[in-house]
Number of protein chains: 2
Amino acid sequence: MTDDMVRERAEAYLQLLRERGCRLTEQRRIIIETLLENAEASVSVRDLAAKVHEKDASVGFATVYRTLLILEEMDILHQTNLGEGFSRFVLSEKGVHVHVRCRVCGAVTRLEQEDAKEKILEEWVAEKGFSLVPQSVQLAGICEECRRAGRREEDPSPGPAFCDRAGPMRPFCRRRRFRGEFA
Amino acid sequence: MTDDMVRERAEAYLQLLRERGCRLTEQRRIIIETLLENAEASVSVRDLAAKVHEKDASVGFATVYRTLLILEEMDILHQTNLGEGFSRFVLSEKGVHVHVRCRVCGAVTRLEQEDAKEKILEEWVAEKGFSLVPQSVQLAGICEECRRAGRREEDPSPGPAFCDRAGPMRPFCRRRRFRGEFA
DNA sequence: GTCACTGCAAACAATTTGCATGTAA
DNA sequence: TTACATGCAAATTGTTTGCAGTGAC
(Lines give C-alpha, C1' and ligand atoms only; values in the text may rest on other atoms or scores of the structure.)
Protein backbone atom coordinates (compact mmCIF):
# COMPACT_ATOMS: atom_id res chain seq x y z
CA MET A 1 0.00 0.00 0.00
CA THR A 2 1.41 3.38 -1.01
CA ASP A 3 1.75 6.26 1.39
CA ASP A 4 -1.09 8.04 -0.36
CA MET A 5 -3.37 5.05 -0.02
CA VAL A 6 -2.51 4.81 3.62
CA ARG A 7 -3.37 8.43 4.18
CA GLU A 8 -6.57 8.11 2.25
CA ARG A 9 -7.80 5.04 4.06
CA ALA A 10 -6.72 6.44 7.38
CA GLU A 11 -8.81 9.48 6.63
CA ALA A 12 -11.80 7.25 5.93
CA TYR A 13 -11.44 5.47 9.25
CA LEU A 14 -11.00 8.74 11.06
CA GLN A 15 -14.27 9.90 9.53
CA LEU A 16 -15.97 6.80 10.89
CA LEU A 17 -14.59 7.66 14.30
CA ARG A 18 -15.90 11.16 14.00
CA GLU A 19 -19.33 9.91 12.97
CA ARG A 20 -19.29 7.80 16.03
CA GLY A 21 -18.76 10.87 18.14
CA CYS A 22 -15.07 10.39 18.80
CA ARG A 23 -12.56 13.17 18.65
CA LEU A 24 -9.85 13.18 16.06
CA THR A 25 -6.53 13.31 17.79
CA GLU A 26 -3.04 13.17 16.44
CA GLN A 27 -2.46 9.95 18.38
CA ARG A 28 -5.37 8.19 16.77
CA ARG A 29 -4.24 9.32 13.37
CA ILE A 30 -0.76 7.93 13.93
CA ILE A 31 -2.05 4.66 15.29
CA ILE A 32 -4.43 4.11 12.39
CA GLU A 33 -1.80 4.97 9.81
CA THR A 34 0.65 2.61 11.40
CA LEU A 35 -1.97 -0.08 11.40
CA LEU A 36 -2.56 0.43 7.70
CA GLU A 37 1.13 0.37 6.94
CA ASN A 38 1.22 -3.09 8.46
CA ALA A 39 -2.03 -4.20 6.97
CA GLU A 40 -0.79 -7.46 5.44
CA ALA A 41 0.08 -8.93 8.80
CA SER A 42 -1.62 -9.17 12.11
CA VAL A 43 0.11 -7.08 14.74
CA SER A 44 0.54 -7.45 18.43
CA VAL A 45 -0.04 -4.42 20.58
CA ARG A 46 3.58 -4.60 21.58
CA ASP A 47 4.80 -4.37 17.97
CA LEU A 48 2.29 -1.77 16.99
CA ALA A 49 3.15 0.40 19.95
CA ALA A 50 6.83 0.11 19.08
CA LYS A 51 6.16 1.28 15.53
CA VAL A 52 3.97 4.09 16.75
CA HIS A 53 6.73 5.13 19.12
CA GLU A 54 9.14 5.54 16.23
CA LYS A 55 6.86 8.28 14.96
CA ASP A 56 5.92 9.82 18.26
CA ALA A 57 7.54 8.49 21.37
CA SER A 58 5.08 10.26 23.59
CA VAL A 59 2.13 8.06 22.70
CA GLY A 60 1.35 5.84 25.64
CA PHE A 61 0.66 2.15 25.68
CA ALA A 62 -2.78 2.72 27.12
CA THR A 63 -3.74 4.95 24.24
CA VAL A 64 -2.76 2.30 21.75
CA TYR A 65 -4.85 -0.24 23.61
CA ARG A 66 -7.79 2.09 23.91
CA THR A 67 -7.69 2.96 20.24
CA LEU A 68 -7.47 -0.66 19.18
CA LEU A 69 -10.43 -1.54 21.34
CA ILE A 70 -12.51 1.22 19.81
CA LEU A 71 -11.57 0.06 16.33
CA GLU A 72 -12.46 -3.48 17.25
CA GLU A 73 -15.74 -2.31 18.67
CA MET A 74 -16.41 -0.66 15.33
CA ASP A 75 -15.51 -3.87 13.50
CA ILE A 76 -12.64 -2.18 11.73
CA LEU A 77 -10.29 -4.59 13.46
CA HIS A 78 -10.47 -8.20 14.51
CA GLN A 79 -8.80 -9.42 17.60
CA THR A 80 -7.30 -12.89 17.47
CA ASN A 81 -5.41 -15.04 19.82
CA LEU A 82 -2.96 -17.72 18.78
CA GLY A 83 -2.18 -18.82 22.27
CA GLU A 84 1.01 -16.83 22.24
CA GLY A 85 0.14 -15.19 25.49
CA PHE A 86 -1.07 -11.96 23.94
CA SER A 87 -3.52 -10.99 21.24
CA ARG A 88 -3.11 -9.75 17.73
CA PHE A 89 -5.19 -7.38 15.66
CA VAL A 90 -5.92 -7.50 11.94
CA LEU A 91 -7.79 -5.06 9.73
CA SER A 92 -11.04 -6.77 9.04
CA GLU A 93 -11.87 -5.42 5.59
CA LYS A 94 -15.31 -6.85 6.22
CA GLY A 95 -15.23 -10.58 5.93
CA VAL A 96 -13.60 -13.68 7.21
CA HIS A 97 -9.89 -14.33 7.18
CA VAL A 98 -8.34 -17.72 7.47
CA HIS A 99 -4.77 -18.20 8.61
CA VAL A 100 -2.66 -21.25 9.29
CA ARG A 101 0.07 -21.17 11.85
CA CYS A 102 2.92 -23.68 11.91
CA ARG A 103 3.07 -25.29 15.31
CA VAL A 104 6.78 -25.86 14.92
CA CYS A 105 8.28 -22.67 13.55
CA GLY A 106 5.41 -20.30 14.21
CA ALA A 107 5.10 -19.05 10.64
CA VAL A 108 1.67 -17.72 9.76
CA THR A 109 0.18 -17.75 6.27
CA ARG A 110 -3.08 -16.36 5.09
CA LEU A 111 -5.15 -18.64 2.88
CA GLU A 112 -6.50 -17.71 -0.54
CA GLN A 113 -10.06 -17.59 -1.78
CA GLU A 114 -11.40 -16.49 1.52
CA ASP A 115 -14.82 -15.76 0.05
CA ALA A 116 -15.35 -19.37 -0.90
CA LYS A 117 -14.11 -20.52 2.46
CA GLU A 118 -16.32 -18.05 4.22
CA LYS A 119 -19.32 -19.58 2.42
CA ILE A 120 -18.41 -23.01 3.70
CA LEU A 121 -17.91 -21.82 7.24
CA GLU A 122 -21.24 -20.06 6.99
CA GLU A 123 -22.91 -23.36 6.15
CA TRP A 124 -21.20 -25.07 9.02
CA VAL A 125 -22.35 -22.70 11.68
CA ALA A 126 -25.79 -22.50 10.07
CA GLU A 127 -26.21 -26.18 10.96
CA LYS A 128 -26.41 -25.01 14.53
CA GLY A 129 -28.51 -21.98 13.77
CA PHE A 130 -25.64 -19.51 13.94
CA SER A 131 -24.82 -16.75 11.54
CA LEU A 132 -21.19 -15.99 10.86
CA VAL A 133 -19.62 -12.64 11.71
CA PRO A 134 -16.47 -11.03 10.32
CA GLN A 135 -13.53 -12.61 12.04
CA SER A 136 -10.11 -14.04 11.70
CA VAL A 137 -9.97 -17.82 11.90
CA GLN A 138 -6.80 -19.50 13.01
CA LEU A 139 -5.85 -23.03 12.05
CA ALA A 140 -2.85 -24.92 13.35
CA GLY A 141 -0.67 -27.10 11.19
CA ILE A 142 2.87 -27.92 10.26
CA CYS A 143 4.43 -26.16 7.32
CA GLU A 144 6.10 -27.85 4.39
CA GLU A 145 9.58 -26.88 5.40
CA CYS A 146 9.29 -28.18 8.94
CA ARG A 147 7.65 -31.36 7.73
CA ARG A 148 10.47 -31.98 5.26
CA ALA A 149 13.07 -31.27 7.87
CA GLY A 150 11.31 -33.78 10.06
CA ARG A 151 10.91 -31.25 12.81
CA ARG A 152 8.11 -32.18 15.15
CA GLU A 153 6.25 -29.98 17.56
CA GLU A 154 8.97 -28.73 19.81
CA ASP A 155 10.50 -32.15 20.51
CA PRO A 156 8.17 -34.65 22.12
CA SER A 157 10.45 -34.36 25.15
CA PRO A 158 9.90 -37.93 26.32
CA GLY A 159 11.25 -37.24 29.76
CA PRO A 160 9.26 -36.55 32.87
CA ALA A 161 7.78 -33.17 33.60
CA PHE A 162 9.19 -30.85 36.13
CA CYS A 163 9.64 -27.19 36.20
CA ASP A 164 12.71 -26.24 38.13
CA ARG A 165 16.12 -27.51 39.05
CA ALA A 166 16.98 -29.42 35.89
CA GLY A 167 17.61 -26.75 33.31
CA PRO A 168 16.32 -23.27 32.78
CA MET A 169 12.82 -24.11 31.65
CA ARG A 170 10.65 -26.89 30.36
CA PRO A 171 10.12 -26.89 26.61
CA PHE A 172 6.38 -26.73 26.96
CA CYS A 173 6.57 -23.75 29.22
CA ARG A 174 8.25 -21.99 26.37
CA ARG A 175 5.76 -22.98 23.78
CA ARG A 176 3.42 -20.11 24.46
CA ARG A 177 6.22 -17.64 24.24
CA PHE A 178 6.68 -17.37 20.50
CA ARG A 179 7.51 -13.78 19.63
CA GLY A 180 8.54 -14.05 15.97
CA GLU A 181 7.66 -11.87 13.03
CA PHE A 182 4.53 -12.49 11.10
CA ALA A 183 3.82 -13.37 7.49
CA MET B 1 -19.89 -40.69 30.76
CA THR B 2 -20.39 -43.03 33.69
CA ASP B 3 -18.14 -43.06 36.71
CA ASP B 4 -16.68 -46.36 35.62
CA MET B 5 -15.86 -45.04 32.20
CA VAL B 6 -14.23 -42.02 33.75
CA ARG B 7 -12.08 -44.19 35.95
CA GLU B 8 -11.17 -46.44 33.08
CA ARG B 9 -10.17 -43.66 30.74
CA ALA B 10 -8.37 -41.85 33.50
CA GLU B 11 -6.39 -45.00 34.10
CA ALA B 12 -5.48 -45.12 30.43
CA TYR B 13 -4.20 -41.55 30.49
CA LEU B 14 -2.28 -42.19 33.67
CA GLN B 15 -0.61 -45.10 31.92
CA LEU B 16 0.44 -42.79 29.12
CA LEU B 17 1.92 -40.48 31.70
CA ARG B 18 3.79 -43.37 33.25
CA GLU B 19 5.13 -44.48 29.89
CA ARG B 20 6.36 -40.98 29.42
CA GLY B 21 8.33 -41.28 32.62
CA CYS B 22 6.01 -39.24 34.80
CA ARG B 23 5.08 -40.23 38.31
CA LEU B 24 1.54 -41.12 39.16
CA THR B 25 0.35 -38.84 41.90
CA GLU B 26 -3.02 -38.53 43.54
CA GLN B 27 -3.26 -34.94 42.30
CA ARG B 28 -2.79 -35.94 38.70
CA ARG B 29 -5.38 -38.65 39.08
CA ILE B 30 -7.93 -36.21 40.47
CA ILE B 31 -7.22 -33.63 37.80
CA ILE B 32 -7.56 -36.12 34.96
CA GLU B 33 -10.76 -37.58 36.36
CA THR B 34 -12.25 -34.14 36.77
CA LEU B 35 -11.28 -33.34 33.23
CA LEU B 36 -13.05 -36.45 32.00
CA GLU B 37 -16.14 -35.68 34.01
CA ASN B 38 -16.36 -32.42 32.12
CA ALA B 39 -15.39 -33.87 28.80
CA GLU B 40 -18.28 -32.44 26.78
CA ALA B 41 -17.27 -28.89 27.45
CA SER B 42 -14.04 -27.00 27.30
CA VAL B 43 -12.90 -25.91 30.71
CA SER B 44 -11.02 -22.92 31.93
CA VAL B 45 -8.25 -23.50 34.40
CA ARG B 46 -10.25 -21.49 36.88
CA ASP B 47 -13.27 -23.76 36.61
CA LEU B 48 -11.28 -26.93 36.56
CA ALA B 49 -9.30 -25.93 39.60
CA ALA B 50 -12.54 -25.11 41.42
CA LYS B 51 -13.92 -28.56 40.68
CA VAL B 52 -10.69 -30.21 41.66
CA HIS B 53 -10.78 -28.28 44.90
CA GLU B 54 -14.16 -29.74 45.75
CA LYS B 55 -12.49 -33.11 45.83
CA ASP B 56 -9.24 -32.10 47.42
CA ALA B 57 -8.82 -28.53 48.53
CA SER B 58 -5.11 -28.95 48.98
CA VAL B 59 -4.33 -29.20 45.27
CA GLY B 60 -2.62 -26.02 44.20
CA PHE B 61 -3.34 -23.89 41.19
CA ALA B 62 0.15 -24.38 39.89
CA THR B 63 -0.27 -28.14 39.91
CA VAL B 64 -3.40 -27.87 37.83
CA TYR B 65 -1.60 -25.67 35.34
CA ARG B 66 1.42 -27.92 35.22
CA THR B 67 -0.68 -31.01 34.70
CA LEU B 68 -2.70 -29.41 31.94
CA LEU B 69 0.46 -28.34 30.19
CA ILE B 70 1.86 -31.85 30.32
CA LEU B 71 -1.38 -33.24 28.93
CA GLU B 72 -1.33 -30.66 26.20
CA GLU B 73 2.26 -31.53 25.42
CA MET B 74 1.15 -35.14 25.06
CA ASP B 75 -1.69 -34.08 22.76
CA ILE B 76 -4.26 -35.39 25.17
CA LEU B 77 -5.59 -31.88 25.52
CA HIS B 78 -5.95 -28.93 23.22
CA GLN B 79 -5.59 -25.43 24.44
CA THR B 80 -7.86 -22.83 22.88
CA ASN B 81 -8.40 -19.18 23.35
CA LEU B 82 -11.65 -17.41 22.66
CA GLY B 83 -10.36 -14.00 23.53
CA GLU B 84 -11.97 -14.20 26.91
CA GLY B 85 -8.76 -13.25 28.59
CA PHE B 86 -7.84 -16.79 29.60
CA SER B 87 -7.51 -20.11 27.86
CA ARG B 88 -9.61 -23.21 27.82
CA PHE B 89 -8.70 -26.86 27.50
CA VAL B 90 -10.59 -29.63 25.70
CA LEU B 91 -9.86 -33.33 25.54
CA SER B 92 -8.55 -33.84 22.06
CA GLU B 93 -9.67 -37.39 21.37
CA LYS B 94 -7.32 -37.21 18.42
CA GLY B 95 -8.75 -35.01 15.75
CA VAL B 96 -10.08 -31.60 15.02
CA HIS B 97 -12.91 -29.98 16.90
CA VAL B 98 -14.94 -27.12 15.57
CA HIS B 99 -16.87 -24.83 17.88
CA VAL B 100 -18.94 -21.72 17.28
CA ARG B 101 -19.21 -19.08 19.91
CA CYS B 102 -21.97 -16.51 19.97
CA ARG B 103 -20.48 -13.05 20.08
CA VAL B 104 -23.52 -11.73 21.89
CA CYS B 105 -24.36 -14.20 24.63
CA GLY B 106 -21.14 -16.18 24.69
CA ALA B 107 -22.76 -19.58 24.19
CA VAL B 108 -20.49 -22.18 22.67
CA THR B 109 -21.67 -25.11 20.55
CA ARG B 110 -19.67 -27.91 19.09
CA LEU B 111 -20.37 -28.71 15.44
CA GLU B 112 -21.28 -32.16 14.15
CA GLN B 113 -19.52 -34.29 11.56
CA GLU B 114 -16.15 -33.11 12.56
CA ASP B 115 -14.42 -35.74 10.45
CA ALA B 116 -15.86 -34.32 7.26
CA LYS B 117 -15.00 -30.81 8.34
CA GLU B 118 -11.52 -31.87 9.23
CA LYS B 119 -11.06 -33.17 5.69
CA ILE B 120 -12.03 -29.82 4.27
CA LEU B 121 -9.75 -27.90 6.59
CA GLU B 122 -6.99 -30.31 5.64
CA GLU B 123 -7.45 -29.39 1.99
CA TRP B 124 -7.42 -25.72 2.81
CA VAL B 125 -4.13 -25.73 4.61
CA ALA B 126 -2.69 -28.13 2.05
CA GLU B 127 -3.04 -25.34 -0.51
CA LYS B 128 -0.26 -23.62 1.36
CA GLY B 129 1.74 -26.77 1.92
CA PHE B 130 0.67 -27.24 5.52
CA SER B 131 -0.52 -30.40 7.18
CA LEU B 132 -3.23 -30.14 9.79
CA VAL B 133 -2.69 -31.12 13.41
CA PRO B 134 -5.24 -32.05 16.08
CA GLN B 135 -6.72 -28.87 17.39
CA SER B 136 -9.80 -27.06 18.41
CA VAL B 137 -11.03 -24.50 15.94
CA GLN B 138 -13.11 -21.59 17.11
CA LEU B 139 -15.55 -19.72 14.93
CA ALA B 140 -17.47 -16.64 15.92
CA GLY B 141 -21.09 -16.04 15.07
CA ILE B 142 -24.42 -15.01 16.44
CA CYS B 143 -26.77 -17.67 17.67
CA GLU B 144 -30.35 -18.12 16.60
CA GLU B 145 -31.81 -16.85 19.81
CA CYS B 146 -29.82 -13.66 19.88
CA ARG B 147 -30.49 -13.05 16.22
CA ARG B 148 -34.23 -13.45 16.73
CA ALA B 149 -34.15 -11.21 19.74
CA GLY B 150 -32.41 -8.69 17.55
CA ARG B 151 -29.55 -8.47 20.01
CA ARG B 152 -26.42 -7.18 18.39
CA GLU B 153 -22.85 -7.47 19.54
CA GLU B 154 -23.00 -5.83 22.91
CA ASP B 155 -24.75 -2.68 21.73
CA PRO B 156 -22.89 -0.76 19.06
CA SER B 157 -22.51 1.92 21.75
CA PRO B 158 -22.67 4.82 19.33
CA GLY B 159 -21.23 7.21 21.83
CA PRO B 160 -17.63 8.28 22.09
CA ALA B 161 -15.04 6.16 23.79
CA PHE B 162 -13.56 6.98 27.11
CA CYS B 163 -12.61 4.91 29.99
CA ASP B 164 -13.23 6.68 33.24
CA ARG B 165 -15.54 9.16 34.84
CA ALA B 166 -18.75 8.32 33.04
CA GLY B 167 -19.84 5.05 34.58
CA PRO B 168 -18.05 2.09 35.99
CA MET B 169 -16.61 0.66 32.82
CA ARG B 170 -16.86 0.82 29.08
CA PRO B 171 -18.86 -1.96 27.49
CA PHE B 172 -16.03 -2.98 25.24
CA CYS B 173 -13.67 -3.24 28.15
CA ARG B 174 -16.03 -5.82 29.51
CA ARG B 175 -16.33 -7.76 26.36
CA ARG B 176 -13.36 -9.93 27.11
CA ARG B 177 -14.66 -10.69 30.53
CA PHE B 178 -17.30 -13.30 29.78
CA ARG B 179 -17.19 -15.96 32.45
CA GLY B 180 -20.29 -18.02 31.69
CA GLU B 181 -20.74 -21.77 31.65
CA PHE B 182 -19.95 -23.69 28.52
CA ALA B 183 -21.99 -25.95 26.32
C1' DG C 1 17.71 -42.88 48.83
C1' DT C 2 16.68 -40.21 44.60
C1' DC C 3 14.82 -36.95 42.26
C1' DA C 4 10.38 -35.77 40.24
C1' DC C 5 6.33 -33.43 42.14
C1' DT C 6 3.72 -30.35 45.08
C1' DG C 7 2.05 -26.08 47.49
C1' DC C 8 2.95 -21.65 48.32
C1' DA C 9 4.13 -17.27 47.41
C1' DA C 10 6.55 -14.35 44.58
C1' DA C 11 7.49 -13.10 39.79
C1' DC C 12 5.87 -12.01 35.18
C1' DA C 13 3.46 -10.15 31.34
C1' DA C 14 -0.55 -8.52 29.07
C1' DT C 15 -4.20 -5.63 29.75
C1' DT C 16 -7.20 -2.14 32.34
C1' DT C 17 -8.08 1.60 34.98
C1' DG C 18 -7.89 6.10 38.04
C1' DC C 19 -6.54 10.49 37.95
C1' DA C 20 -4.60 14.89 36.84
C1' DT C 21 -3.90 17.29 32.84
C1' DG C 22 -4.22 18.39 27.89
C1' DT C 23 -6.94 19.67 23.93
C1' DA C 24 -10.57 19.09 20.08
C1' DA C 25 -14.74 21.06 19.15
C1' DT D 1 -15.72 26.33 27.91
C1' DT D 2 -16.85 21.54 28.13
C1' DA D 3 -15.99 16.99 28.41
C1' DC D 4 -13.50 13.55 25.80
C1' DA D 5 -8.77 11.92 25.36
C1' DT D 6 -4.07 11.28 26.89
C1' DG D 7 0.04 9.76 29.66
C1' DC D 8 1.47 7.89 33.53
C1' DA D 9 1.62 4.82 37.05
C1' DA D 10 -0.77 1.68 39.75
C1' DA D 11 -3.96 -2.17 39.79
C1' DT D 12 -5.78 -6.55 37.86
C1' DT D 13 -5.56 -10.95 36.14
C1' DG D 14 -3.94 -15.11 33.90
C1' DT D 15 0.07 -17.74 33.96
C1' DT D 16 4.82 -19.22 35.22
C1' DT D 17 8.49 -20.09 38.28
C1' DG D 18 11.74 -20.61 42.59
C1' DC D 19 12.13 -23.01 46.58
C1' DA D 20 11.81 -26.04 50.38
C1' DG D 21 9.60 -29.89 51.57
C1' DT D 22 7.00 -34.47 50.18
C1' DG D 23 6.40 -38.74 48.32
C1' DA D 24 6.59 -42.14 44.16
C1' DC D 25 9.47 -45.59 42.69
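Proteins come first, then strands; the chains are lettered A, B, ... in the order of their sequence lines, and each starts at number 1.
As a whole-Å value, the separation of B:Gln79 CD from D:dT15 C1' is 10 Å. Between the P atom of D:dG7 and the CZ atom of A:Arg66 lies a distance of 8 Å, rounded to the nearest Å. Between the C1' atom of D:dT13 and the CZ atom of A:Phe86 lies a distance of 18 Å, rounded to the nearest Å. Residue B:Asp47 contributes atom CG, which lies 16 Å from atom C1' of D:dT15 at whole-angstrom precision. In this structure, CZ of A:Arg29 is placed 16 Å from P of C:dT23, rounded to the nearest angstrom. Whole-Å rounding puts the B:Glu84 CD to D:dT12 P distance at 22 Å. When rounded to the nearest whole Å, the span between CZ of A:Arg20 and C1' of D:dC4 equals 12 Å.
Under 4.0 angstrom from either OP1 or OP2 of D:dT6 there lies no side-chain N or O belonging to A:Ser58. For the OP1/OP2 pair of D:dT16 and a distance below 4.0 Å, the side-chain nitrogens and oxygens of B:Tyr65 include no atom meeting the criterion.
In the hydrophobic clustering, where aliphatic and aromatic side chains (Ile, Leu, Val, Met, Phe, Trp, Tyr) are joined below 4.5 Å either directly or transitively, A:Leu121 groups with A:Val96, A:Val98, A:Val100, A:Leu111, A:Ile120, A:Trp124, A:Val125, A:Phe130, A:Leu132, A:Val137, A:Leu139, B:Val96, B:Val98, B:Val100, B:Leu111, B:Ile120, B:Leu121, B:Trp124, B:Val125, B:Phe130, B:Leu132, B:Val137, B:Leu139.
Annotation: of the two residues near DNA chain D, B:Phe61 and A:Phe61, the 5′-most nearest-nucleotide partner is A:Phe61.
Here A:Glu144 contributes atom CD and A:Cys102 contributes atom SG; the two are 11.0 Å apart, rounded to the nearest 0.5 Å.
Of the candidate nucleotides C:dT6, D:dT15, D:dG7, D:dG7 has the atom nearest to the side chain of A:Gln27. Among the nucleotides C:dT16, D:dT15, C:dT6, the one closest to the side chain of B:Arg28 is C:dT6. Here the side chain of A:Arg46 is nearest to one of C:dA14, D:dT15, D:dG7, namely C:dA14. Closest contact between the side chain of B:Leu69 and the listed nucleotides D:dT16, D:dC8, C:dG7 involves D:dT16.
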Grab the N/O contacts between the protein and nucleotides 22-25 of chain D below 3.5 Å, and write none if there aren't any.
from, atom 1, to, atom 2, distance (Å)
D:dG23, N2, B:Arg23, NH1, 2.7
D:dC25, OP1, B:Leu24, N, 3.0

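With respect to the salt-bridge test (charged N to carboxylate O, under 4.0 angstrom), the residues A:Arg46 and A:Glu84 do not qualify.
For residues 128-142 of chain A, every residue pair satisfying the salt bridge (charged side-chain N to carboxylate O under 4.0 Å, His left out) rule, not counting sequence neighbours, is listed here: A:Lys128-B:Glu112.
In the hydrophobic clustering of ILVMFWY residues, with side-chain heavy atoms under 4.5 Å counting as a link, B:Val90 and B:Val45 come out apart.
The one candidate from A:Val43, A:Ile30, A:Val64 that meets the side chain to side chain contact (heavy atoms under 4.5 Å, CB included) condition with A:Leu35 is A:Val43. For the side chain to side chain contact (heavy atoms under 4.5 Å, CB included) with A:Pro134, the lone residue among A:His78, A:His97, A:Glu118 that qualifies is A:His78.
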